[in-house]
Amino acid sequence: MLNTTLTSALLYLDGVNVTFDGFRALNNLSLALAPNEMRAIIGPNGAGKTTMMDVITGKTRPDEGDVMFGGTVDLTKLDEAAIAELGIGRKFQKPTVFESHTVADNIRLALKGERGPWSALFGARNHIADENIDKVLEKVRLIEHRERPAADLSHGQKQWLEIAMLLAQDPKLLLVDEPVAGMTDAETEETARLLREIAQDHTVIVVEHDMAFVRDLDCKVTVLHEGSVLAEGSIDTVSANERVIEVYLGR
Amino acid sequence: ADDTIKVGVLHSLSGTMAISETTLKDVMLMLIEEQNKKGGVLGKKLEAVVVDPASNWPLFAEKARELLTKDKVAAVFGAWTSVSRKSVLPVFEELNGILFYPVQYEGEESSRNIFYTGAAPNQQAIPAVDYLMENEGVQRWVLAGTDYVYPRTTNKILEAYLQQKGVKAEDIMINYTPFGHSDWQTIVADIKKFGSAGKKTAVVSTINGDANVPFYKELANQGIKATDIPVVAFSVGEEELAGIDTKPLVGHLAAWNYFQSVDVPENAAFIKAWKAFTKNDKRVSNDPMEAHYIGFNMWVKAVEKAGTTDPDKVIDALIGVSVPNLSGGSSAMMPNHHITKPVLIGEIQDNGQFNIVSQTPGLVVGDEWSDYLEGSKDLISDWRAPLSCGNFNVKTGKCGGQGAQAAAK
Amino acid sequence: MPLPLAGRGRGWEPLGNGRIKINLPSFVAESVHRLPSFTPTPYPSPQGGGAKALAMLTVDAIDLHYGAAQALRGVSLAAETGKVTCVLGRNGVGKTSLLRAIVGQQPISHGAISLDGQDLKRLPPYERARRGIAFVPQGREIFPLLSVRENLETGFAPLKRRDQSIPEDIFNLFPVLKDMLHRRGGDLSGGQQQQLAIGRALVTRPRLLVLDEPTEGIQPSVIKDIGRAIDYLRNKGDMAILLVEQYFEFARDLCDSFAVMERGQVVLAGTRAEMVDAEVRRKLSV
Amino acid sequence: MSSMIRLLSLLGILVAAVVQPALAQDAKATFATLATDNYADIEKGIGAIAESGAPTAEAVLNALGDNRLLYRPSDKALFYKDASGAFHDAATGAVVTPAPTGLKPVRLNNRVRRAVEAAVGTLTLMSPEAAKRRQAAEAVFRSRDAATLPALAKAIAAERDDGVKQALRQAQAAIFLTADGIADSDRIAAVDIVAARGDQDARSMLIQVAGRGSPVLKLAAETAIEAIDRRLAIAATVQNIWYGLSLGSVLLLAAIGLAITFGVMGIINMAHGEMVMIGAYTTFVVQEICRTRFPGLFDWSLPVALPLAFLVAGGVGALIERLVIRHLYGRPLETLLATWGISLILQQAVRSIFGPTNREVGAPSYMSGAFDVMGVTITYGRLWIVIFSLFVFLGLIAVLKLTPFGLRMRAVTQNRRMASAMGIRTPRVDMLAFALGSGIAGIAGVALSQIDNVSPNLGQSYIIDSFMVVVFGGVGNLWGTFVSALTLGVANKFLEPYAGAVLGKILLLVFLILFIQKRPRGLFALKGRSVEA
Amino acid sequence: MMTRQPFILTLIDGKGRIFLGILVAVTVLVAASNLMLPPTSALHVPTYAVSLMGKYLCYALLAVALDLVWGYCGILSLGHGAFFALGGYAMGMYLMRQIGTRGVYGNPVLPDFMVFLNWQELPWYWYGFSSFPFAMLMVVLVPGLLAFVFGWLAFRSRVTGVYLSIITQAMTFALLLAFFRNDMGFGGNNGLTDFKDLLGFNIQAQGMRVTLFSVSALALALGYLVARVMVTSTYGKVLIAIRDAESRARFLGYRVEHYKLLAFTVSAMMAGIAGALYVPQVGIINPQEFAPANSIEAVIWVAVGGRGTLVGAALGAVVVNFAKTWLTGALPEIWLFALGALFVVVTLYMPKGILGLFQTFTRRRRADDGVAGTPVPQPAAE
Ligand SMILES: Nc1ncnc2c1ncn2[C@@H]1O[C@H](COP(=O)(O)OP(=O)(O)OP(=O)(O)O)[C@@H](O)[C@H]1O
Ligand SMILES: Nc1ncnc2c1ncn2[C@@H]1O[C@H](COP(=O)(O)OP(=O)(O)OP(=O)(O)O)[C@@H](O)[C@H]1O
Ligand SMILES: [Mg+2]
Ligand SMILES: [Mg+2]
């Protein structure tokens, strides 16, 4: 069983442990994701969802455990940039954008392409890039803010901008941390649609607390609790789970 | 205006050197004022042009250039550190200016445009060592200095001199510290240790500037008394002592060409004028001040002798000029642009003054090229025609460097 | 100054002289029904004890600019003691800006803000806090290097020395804070930080509690708890609550009156009863 | 026994009284030897006077040592001045009225002073005061004057105080070891006695013995030297650690105010050094006032200066915050520019007011001198500074961690906007915090005035070190500052003997650069998500 | 949407054009007036003023170099004086070797300071400096290499913010102490001085001075253009992104350390060139150039002129140094008050530096009572 997942999995976590000053944030966490799978991850605040993303993207080094990408690459040995270059993109829980760049430039920097300093220095500007930027911005309805500095955006707009950057980056694996926090219901539905669309040819991990949204995503759900998997299955199965109700959904 | 003669004063008024140099600016202002009271020079009033090179060496060169080209000063009195002098030297040579340099220095230089009124090593270091050897029976030596050219050179000279006097290499300890060194615990302890080997030991200090105060404070704290291990310094004068409580330091020595405590009428008059000028009767006087006093009077005399402020004429006229110094004799400008001076050794007293314990019987001529250094023992300097050379090699009979260049022109 | 037209007939009534009157809702009990039961421990009475005045916060036709850009245009609003007032609106319409204006973080260029008739316009934020305004900002703004306990203790600043204690209530509402008292605030997970931010605001015993999207990033069970907490605080009747919320159901369940914003203006306002879902929802959708 | 001494001295006086006239003549001739300009002659004269047994000998020699001895060139008559300014005839001790005229002081230099010390030492071997006798024994130990042997023997026999007796024995042993014509057995015994001192003096003396004595003596000396060497090696290490700690405490003092203004508040405070300078100048002013108005209170000058320096520097700090820094929150980098400007202004202001030269700040009695513990020399000044810096540090920690003000200050610096929304009066907290940091820099200045120049440049010489200490320790962490200051101090002192002061300092800087590679946020890095993000 | 412009026009924006225009005009006018007008003419620029301006231009180049790393990449280097000084020393060593037998001791190989301290032979690291091309190579190579190694270590270990600032300061301080040591063989405290000629021409001749001045102007223009190319390209955008949110840039796949390293090294080389041009014009290079205060001052020029604008940096360097020259002559006793006040006033009233005064505000005003801008959890995190 392990072997089959290992070979077929795009992302594979096994026995990952992370501690901070003695506090165990991830506890023997194991998880496998098939290519082009979308996975929703839910769990109480502090369950370790963000930490898990930190581990995958190289921000946090696990104390123990394997994190494999594409079956062969050991992510724990790589730094953030290398991991990003492998095709792993991320949206942060707290929106982080380049504040003094315009919205368009934020996207431009995220666009797929060479990342080395030389190519950045001597690479000519191409028009396709500009068109792509506009396309992405239109998708997230930020087109009218194209030339504003990102610092001037409202909180929710920054959320959208981050999503847009992720789209522009076009990674193989998308890690999306709380994409709909601070969005209206309509926007939430919109986002769910967007993610489902992306998931057709990308692998996506979505972390969210909005159960309606998770339901909308219509994918397998993993529940984390205290750093390890508490339950896994369809949204209906997990939301019927007594433990999940107790620690997460509430009565 | 044409009815005044401008005199440049090039001393740092800010930055690390302000502590020493500001006083010299004040002295120059006083001397100029007094000269003007006497009717000025050549019937014209003198006018001081003060600038602040801010303890920044390239700025010295820049300001020198400004003084000479923009203000067209007849002479400049200034610089303190060797490097500031080195920085302005090419400027004075290029623009044919006159600089009076009032501070003791390492020697090894002679320029047609510079007049060295401070002491060369032979006017300070060697007599001091002689005194200690003869009077205190010192056999073991600590040469402690700040790590730069003046101490390095002086110590090289002293090392050669001491070895020639039969002092063994193991009886000489040399120690260098960075500028502004302030933690002297280890070094003072080392000195103490070195000094407890049974032979009479003394410290020859070429420690510079600010580092002296913490050094002496540490000496006092660790209880090194002058009767045990005397320290003789070449850069510590009345001004420096004014910042230290000297009671624990009584008996440590300094070698200079002048002390405020010199008991002669000229000096008394000078001190009186100085206190009146600064409106502060606690102001002390010191050796570089005397150097400016001598230099300024020499310049006045030379200008009057030449009847013009034209640099070439004044430079020629300066050689041989003799003016009273403040220690009861008179000093003369020698052909090597250094002056004759008596060498005085003083012991620190508890009132911050020096008790003069020894004075060379005659005057000592400043020796620009040390006889104790390999490279320079064959060199002499004589700026009189026809030789007119700052570094004439008596072995080869050639005038090196600058002279050669001048000849080529 | 004329009120924005949108306010009229939707629960607002202009009283002239720049003031407005809001028709009071009458279903406090109903909202309690709707929320699961919750038995709170006694909550200490807020500073200034008996101030039971109604209509405590009034915002009157304010304008707000960021540099040249205008973020609020003639916004008016009132919040009463014992009531929850909700502000709704899509991203970037100016909800946060409105709250910033109220707590004093951003100067307004026009209009008036008063608390119990006392003009706040010129007071710096800390003075407003001392008059009883507590703020739970968007993005939490926890003091990252202070421990959880210290974060809570920052709320002591406006209190008299004898009041300087952390009400047990807060730990009943958010038990997780109790476990984490000695951890650095900045290390908490996003949701934990949100809980801390609310707890911190409550420490000051506010008379006006201003919450900017308090449910953002919080797990469902805690959202319910927060809802109960707000409800409880409302029912205690000694504080006014101003809530900005995107989570429509949550807002609907809680608020006594509401205002919907669009492009820096209030375009819809009214009592709970008037919160005609379709209409409001339309304003909130894309 | 002491009655015996008294009896003896009484006897002496009696004898002296009887032979007075004849002796007085002799004495006059002996004293006249001092009436010269030649140091060698004066030195000889001192020996003669000491041996003459003249009753005024001690008074005359002490007067010479204090520069109170004068002579009349015309007849070579010698007079000494007493504390009240009255003149005494050196030969008789009688007061001379009216005061003689045309006197010249007897010249004094180190050589003469040394001779006086030795002579007075011999003379005071029988002094009734134990402390004086001990001093005398030390003086003899140093002078190793064989002529004092009989006196020493007498003194040892008469001595009751164990400590003094020990010292006398050592002095005797020192003479045994160095003088000629001493029996080997005496010498070997002397080796043990001297070796018991266990210090550098003993060692160098033994080395001389080992160089030329008989084989037995040589062996005894060599073993003794070995023992001393072991002892000295340990003492040297301890000493070095002490030097390191005391240097570290100076660094700590200099840096600790900056740990607040820069470390906690985030202001790149280039004027920090000038606050230290202001503290030092405050000390100077206090001492000046003491000197001119209340000379008796000089020892109190530092305790008085401490709170004043805190207030003055703190006040200046508060003013700076009010006028300048206040407008720069949220623009941390620009504080660099503004505080640099302020530092220039303050330097020049001090230069204008107090002049560009060093000002004298003296050490009160409890801060001068040194004492030895087990061969480790500890100077009082440094000891006080170490204690003081610990005290300041702990006090500050207490303020920051235990008081509401400390909490508010940290809250404000972490998130000014939110702190304000919590009801914290941010402007006041800012001002007080900056004033606190400045005030602490000011009291550091009081301490530093004891070991360094009090000049307008004082601040400049500490600013770089202070920043390094704070950063090396980890910005925002007071314990880090503490550990870092002490570490840098000790490391410096351990490098210095091997590499020399200059190279040692360079090595330390290189080490610091490399260390930061290992720990990019300093020794005690602030941790947590917020920092790492 | 913006209209697309030819590359060179996007490269040199409005203020760049004005800047380059003024630079060219001043250079030509100064050179012409010095060489062609008689000294008596009121419009004649005296030679010493030409050198003075040359010095300002060197400082301006240093400031531009510093602005490249500080303004655009958030690296507050407090050690740029070191690169400047190293370039200066490389040039100084060449000039020393040119003295030849004209030194006071007439030694054909050894510089004077070595002779009188009894050095027997030239230290190995002095080899080659008699050749101009070699020395020029060293002018860029030595600072570049140091910056590369230093930066490689520091950026790889992710040393940022004040930690980076302080270790750059430690670097220059260590070099200061090292160069002070006479044993290092660079003349100790006295440094290198008394230069005679450059490429065979007398260094003090009027023509040479004007040439050096013009070359400095050219170097500044080129340095500006190079910096401009860097900051206007995508590379520059990445730099700014790194400045604002370093870790975010990493998550996008940018190798932050490579970007920083390139900027740092190029900047150090520019500083080296500035130093090399500075030395013949002021006539001395000594360890004081390594003093941390000098580096801090350079930072201040940039801040005064306007950080992150390049032109502003150059302007700031010229203005501050001109003020210094003028004030030390005109108000020698109190000039520090004036200069200090200038710094305070600029910070308080010109938050974007002098250049900011001329610029219309295109962006929102920041930080009115801390409204905008994210809180700074870590002090001085830039
Ligand atoms: N750098 C850190 N130092 C200390 N503790 C940490 C650190 N990072 C995470 N933690 C702790 O690890 C636990 C897991 O945090 P994490 O952010 O992964 O939770 P989460 O599942 O994303 O929660 P949320 O839904 O609230 O965002 C939390 O309790 C948090 O306090
Ligand atoms: N600091 C700022 N500087 C300039 N413009 C700003 C600033 N903050 C917000 N804005 C602009 O003001 C408008 C209102 O922003 P605000 O934050 O009030 O929106 P919001 O309703 O709270 O949105 P969200 O739901 O996304 O939090 C937005 O268009 C935003 O771009
Ligand atoms: Mg999370
Ligand atoms: Mg908002």
Side-chain angles (χ1 to χ4, degrees), chain B residues 13-16 18-23 135-137 147 175-178 180-183 185-187 189-190 192-193 196-199 210-214 217-218 220-223 225-228 230 239-248 250-253 280 347 349 352 355 357-358, chain D residues 39-40 67 107-111 113-114 117 142 199-201 203-205 207-208 239-240 242-243 246-247 250 344 347-348 351 355-363 367-370 377 379-382 450-458 460-462 489 492-493 496-497 500-502 505:
Chain B
L13 309 179
S14 58
T16 48
I19 200 170
S20 309
E21 292 193 62
T22 311
T23 308
N135 272 280
E136 302 255 354
D147 190 3
N175 180 293
Y176 290 108
T177 39
H181 192 66
S182 64
D183 192 276
Q185 300 181 88
T186 314
I187 290 162
D190 283 350
K192 212 166 152 184
K193 200 163 142 201
S196 62
K199 288 186 190 165
D210 282 5
N212 274 307
V213 173
K217 285 188 174 174
E218 190 65 37
N221 278 337
Q222 293 205 17
K225 290 218 229 55
T227 43
D228 304 333
E239 254 279 70
E240 286 75 16
L241 288 186
I244 325 178
D245 177 12
T246 51
K247 279 176 211 74
V250 169
H252 288 303
L253 304 120
N280 175 355
E347 280 185 2
Q349 285 177 306
N355 168 27
V357 293
S358 156
Chain D
Y39 295 118
N67 231 345
R107 295 186 66 189
L108 186 65
N109 71 354
N110 284 325
R111 183 178 180 180
R113 232 176 260 123
R114 227 174 1 251
E117 261 171 45
R142 253 178 287 129
D199 61 2
Q200 197 64 41
D201 288 335
R203 183 179 184 275
S204 55
M205 193 170 288
I207 282 185
Q208 284 171 12
Q239 181 85 67
N240 234 349
W242 167 253
Y243 287 157
S246 79
L247 173 61
V250 169
L344 295 184
Q347 269 176 54
Q348 192 61 29
R351 208 171 271 137
T357 52
N358 284 327
R359 283 334 201 54
E360 175 187 340
V361 171
M367 287 193 76
S368 8
T377 311
T379 55
Y380 283 106
R382 297 275 178 175
Q450 289 297 307
I451 51 173
D452 210 335
N453 296 291
V454 179
S455 78
N457 302 332
L458 171 69
Q460 290 299 299
S461 47
Y462 285 96
N492 194 330
K493 284 297 160 188
E496 198 178 308
V502 188
K505 191 141 193 199

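No hydrogens, no waters, no symmetry mates; every other heavy atom, side chains included, goes into these values. The chains referred to below are lettered A, B, ... by the order of the sequence lines, with proteins before strands, and numbering in each begins at 1.
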Trainee: Are more than 12 heavy atoms, taken from residues, nucleotides or ligands other than B/K192, located less than 6.0 Å from that residue's NZ atom?
Mentor: yes
Trainee: Taking side chain as everything from C-beta outward and backbone as N, CA, C, O, which of these in D/V454 sits under 4.5 Å from a heavy atom of chain B? Side chain, backbone, both or neither.
Mentor: neither
Trainee: Given a strict heavy-atom distance threshold of 4.5 Å, which part of D/N457 is in contact with chain B: side chain, backbone, both, or neither?
Mentor: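 Contact with chain B is through the side chain of D/N457 alone.
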Trainee: Backbone N or O of B/I244 within a donor-acceptor pair of the B/K217 side chain at under 3.5 Å?
Mentor: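 Side chain of B/K217 to backbone of B/I244: no pair is present.
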Trainee: Quick check on B/Q349 against chain D: is it the side chain, the backbone, both or neither that has a heavy atom closer than 4.5 Å?
Mentor: side chain
Trainee: Does any backbone or side-chain atom of B/N355 lie under 4.5 Å from a heavy atom of chain D? Answer side chain, backbone, both or neither.
Mentor: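 Just the side chain, heavy atoms under 4.5 Å.
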Trainee: Report which part of B/E136 has an atom under 4.5 Å of a heavy atom belonging to chain D: side chain, backbone, both, or neither.
Mentor: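 B/E136 touches chain D through backbone and side-chain heavy atoms alike.
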Trainee: Could you measure the distance from the CZ atom of D/R351 to the OG1 atom of D/T357? Nearest 0.5 Å is fine.
Mentor: 11.0 Å
Trainee: Side chain from CB out, backbone as N, CA, C, O: work out which of these in D/L247 comes under 4.5 Å of a heavy atom of chain B, or both, or neither.
Mentor: both
Trainee: Can you list the residues that meet the side-chain hydrogen bond (donor to acceptor under 3.5 Å, both in side chains) rule with B/D245, with sequence neighbours excluded?
Mentor: B/K247
Trainee: Counting only heavy atoms closer than 4.5 Å, note whether B/L253 contacts chain D via side chain, backbone, both or neither.
Mentor: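 Looking at B/L253, just its side chain touches chain D.
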Trainee: Run B/S14 and D/Q348 through side-chain contact (heavy atoms from CB on, under 4.5 Å) and show every step you take.
Mentor: CA-CA 8 Å; B/S14 58; D/Q348 192 61 29; 4.3 Å; yes
Trainee: Please determine whether a side-chain nitrogen of the Lys or Arg among D/K505 and B/D183 lies less than 4.0 Å from a carboxylate oxygen of the Asp or Glu.
Mentor: no
Trainee: Less than 4.5 Å to any heavy atom of chain D: does that hold for the side chain of B/Q222, its backbone, both, or neither?
Mentor: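 Both backbone and side chain.
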Trainee: Taking D/N358's backbone N and O only, do any of them form a donor-acceptor pair with D/N453's side chain (distance below 3.5 Å, no angle check)?
Mentor: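 No, D/N453 side chain to D/N358 backbone: no donor-acceptor pair under 3.5 Å.
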Trainee: Quick check on the interface: out of B/T22, B/D210, B/T246, B/N212, who has the most heavy-atom pairs with chain D under 4.5 Å?
Mentor: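 Max contact count across the listed options: B/D210.
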Trainee: Among B/T227, B/I187, B/N175, who wins on heavy-atom pairs under 4.5 Å with chain D?
Mentor: B/T227
Trainee: Quick one: pull up CZ in D/R114 and CG in D/N109 and give me the separation to the nearest 0.5 Å.
Mentor: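 Going from CZ on D/R114 over to CG on D/N109, the span is 8.0 Å.
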Trainee: If you tally heavy-atom pairs under 4.5 Å against chain D, which of B/T16, B/D190, B/D147, B/L241 wins?
Mentor: B/T16
Trainee: Just give me the residue among D/R382, D/Q450, D/M367 that pairs up with chain B most often, heavy atom to heavy atom, under 4.5 Å.
Mentor: D/R382
Trainee: At what distance, to the nearest 0.5 angstrom, does CG of D/D452 lie from CD of B/E218?
Mentor: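 Spacing of CG (D/D452) from CD (B/E218) equals 11.5 Å.
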Trainee: Quick check on D/N492 against chain B: is it the side chain, the backbone, both or neither that has a heavy atom closer than 4.5 Å?
Mentor: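 The answer is neither part of D/N492.
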Trainee: Would you call D/K493 and D/E496 a salt bridge, using N to O less than 4.0 angstrom?
Mentor: yes
Trainee: Taking side chain as everything from C-beta outward and backbone as N, CA, C, O, which of these in D/S461 sits under 4.5 Å from a heavy atom of chain B? Side chain, backbone, both or neither.
Mentor: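 Interface part for D/S461: neither.
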Trainee: With D/R107, which residues qualify under salt bridge (Lys or Arg N to Asp or Glu O under 4.0 Å), at least two apart?
Mentor: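 D/R107 satisfies salt bridge (Lys or Arg N to Asp or Glu O under 4.0 Å) with no other residue.
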Trainee: Most heavy-atom pairs under 4.5 angstrom with chain B, which of D/Y380, D/Y39, D/Y243?
Mentor: D/Y243
Trainee: Which answer fits D/R111, side chain, backbone, both or neither, if we ask what part of it has an atom under 4.5 Å from a heavy atom of chain B?
Mentor: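 Both parts, heavy atoms under 4.5 Å.
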Trainee: Under the 3.5 angstrom rule, does the side chain of B/E347 hit a backbone N or O of D/N110 as a donor-acceptor pair?
Mentor: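 Confirmed, B/E347 side chain pairs with D/N110 backbone.
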Trainee: Can you tell which part of B/T23 gets under 4.5 Å to a heavy atom of chain D, answering side chain, backbone, both or neither?
Mentor: side chain
Trainee: Between D/Q460 and chain B, with a heavy-atom cut-off of 4.5 Å, which part of the residue counts as in contact: side chain, backbone, both or neither?
Mentor: neither
Trainee: Measure distances from B/N221 to the heavy atoms of chain D and classify the residue's part below 4.5 Å as side chain, backbone, both or neither.
Mentor: both
